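Data first, discussion second: the structure below is written as structure tokens.
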Amino acid sequence: MPIKTKVKFGQNFLINKEIAEKIVDSCNFTKDDNVVEIGPGEGVLTNLIVNKVKTLTIIEIDPFYLSYVEGKLYSNKKIADELKNKSNLKFINIDALKFDFTEYSKGIDSKIRLISNLPYEISSPIMEKFNKEKDAFKDFTLMFQKEFAGRLLAKSDESARSAFSVIVEANFETELLFDVFKENFYPMPKVDSSVMRMTPLDLNKFKDLKYSEDIKWAASSPYFSYLVHQLFKLRRKKLKNSIYASFQGIPPDVKAKMYEDSNIDLNKRPQSLTLEEFIKIAIKYRDYLGLE
Ligand code: SAM
């Protein structure tokens, strides 16, 4: 049982070892991997990772648990023996939202494999940060609250589809690995969790070079993000009733024609649009307005 937990740091610890093993096994870590774990808590995942990888860097905001996990790893004789004379294990007491993953990745000359059972409080800002710094990462294995993961993973036509899902889809491949019931944590949170894998989108996979360029633009454009958010502001309305509410600089009939030319049915609602359709419209707006 955890010694003491702080609500403000989202300290709901995983107490089911089999699930911890399932999460770490899903990563297929090798001795070539440079892994960063955010928020080890009592080290239920850390213990299973440390001897499998080339380097492991542990980022924890709570100095108590950072020292706790350090003590725990070195008190395990097998782990301590392996770690002797190696500098492959680092403990950093910092807020993950302030950690510079890009610098870190440059420093080790390698992409990071990130693993974390994330505290709920930082789910949204850390996703924004991962998005901005995605080039520093090989992949992410993340546990979120189930509802948050659902929004993140939602594809077109799914009810949880939101502006957030579209932006994520423009940047990452995502996959739901499995759900974890709330009874597997202490203290028990109010809701269940989901474990998912996220990999920065490989633009080379698109045979269509033009689409690959377009998606690259959309992924990094604040303008694309703005447009998607605008469209979702009136998510319950059909496009024919909502597209006029924003971008007043474009005459209504010009806007309607842009959707028509893109083969997008104005009777649809925003959650039914595919990423490709959002990109098509964004590019038409961009070109009409002469934006970058
Ligand atoms: N990995 C452990 C597990 O699965 O049982 C602990 C997970 S617990 C949900 C979240 C952990 O993240 C806690 O150890 C907490 O102290 C740490 N944490 C909370 N906010 C953080 C932040 N901003 N930066 C780094 N660590 C944070």
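Computed from a predicted structure; not experimentally measured. In listed order, ligands and their atoms are each counted from 1. The chain is numbered in sequence order, starting from 1. All values below come from the heavy atoms of this structure, side chains included, with hydrogens, waters and symmetry mates left out.
Distances from atom 1 (N) of ligand 1 to the heavy atoms of Gly39, Pro189, Gly41 show the closest one on Gly39.
At a 3.5 angstrom cut-off on N or O pairs, Asp62 does not count as close to ligand 1. Considering backbone and side-chain N/O of Asp95, one or more are found under 3.5 Å from N/O of ligand 1. At least one N/O-N/O distance between Glu60 and ligand 1 falls below 3.5 Å. Where the criterion is an N or O separation shorter than 3.5 Å, residue side chain and backbone included, Ala96 meets it with respect to ligand 1.
For Lys280 and Thr274, the side-chain atoms include no donor-acceptor pair closer than 3.5 Å. Between the side chains of Gln11 and Asp62, a donor-acceptor pair is found at a separation under 3.5 Å.
Heavy-atom contacts of Gly10 reach the following atoms of ligand 1: 8 (S), 9 (C), 10 (C) (cutoff under 4.0 Å). Atoms of ligand 1 lying under 4.0 Å from at least one heavy atom of Phe13, given by number and element, are 5 (O), 6 (C), 14 (O). Every atom of ligand 1 is numbered from 1 in the order shown, and the set under 4.0 Å from a heavy atom of Gln11 is 13 (C), 15 (C), 16 (O). Below 4.0 Å from some heavy atom of Val44 lie the following atoms of ligand 1, by number and element: 3 (C), 4 (O), 5 (O).
With rounding to the nearest 0.5 angstrom, the CD atom of Glu133 is 3.5 Å from the OG1 atom of Thr102.
Classification of Arg197 and Glu173 as a salt-bridged pair fails, no side-chain N sitting under 4.0 Å from a carboxylate O.
The two residues Glu121 and Gly10 have their closest heavy-atom pair at OE1-CA, 3.4 Å.
When non-hydrogen atoms are compared, ligand 1 lies under 4.0 Å from the side chain of Glu37 (C-beta onward) but not from its backbone. Of all the heavy atoms of Phe9, the ones lying under 4.0 Å from any atom of ligand 1 are found in both the backbone and the side chain. Both the backbone and the side chain of Ile61 come within 4.0 Å of ligand 1, counting heavy atoms alone. At a heavy-atom distance under 4.0 Å, no atom of Leu97 approaches ligand 1. With a heavy-atom cut-off of 4.0 Å, Pro40 touches ligand 1 through its backbone alone.
Ring planes of Tyr65 and Phe13: perpendicular class, angle over 60° (limits at 30 and 60°). Ring-plane geometry between Phe101 and Phe137 is classed as tilted, the angle between the planes lying from 30 to 60 degrees on a 0 to 90 degree scale. Below 30°, between 30° and 60°, or above 60°: for Phe130 and Phe140 the angle between ring planes is between 30° and 60°, a tilted geometry.
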Requested in this report: Assess whether salt bridge (charged side-chain N to carboxylate O under 4.0 Å, His left out) is satisfied between Lys284 and Asp261, documenting all intermediate values.
Outcome: CA-CA 10 Å; Lys284 289 210 183 289; Asp261 290 348; 5.1 Å; no

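The backbone N or O of Ser110 lies less than 3.5 Å from a partner atom in the side chain of Ser105, making a donor-acceptor pair.
The protein heavy atom nearest to atom 5 (O) of ligand 1 is Leu14 N, 2.8 Å. The protein heavy-atom contact nearest to atom 20 (N) of ligand 1 is Pro119 CG, 3.4 Å. With respect to atom 4 (O) of ligand 1, the closest heavy atom belonging to the protein is Asn117 ND2, 2.8 Å.
Ligand 1 lies less than 4.0 angstrom from a heavy atom belonging to Ile94.
Cation-pi geometry between Lys255 and Phe247 is not met: the NZ or CZ atom fails to fall both under 6.0 Å from the ring centre and inside 45° of the normal.
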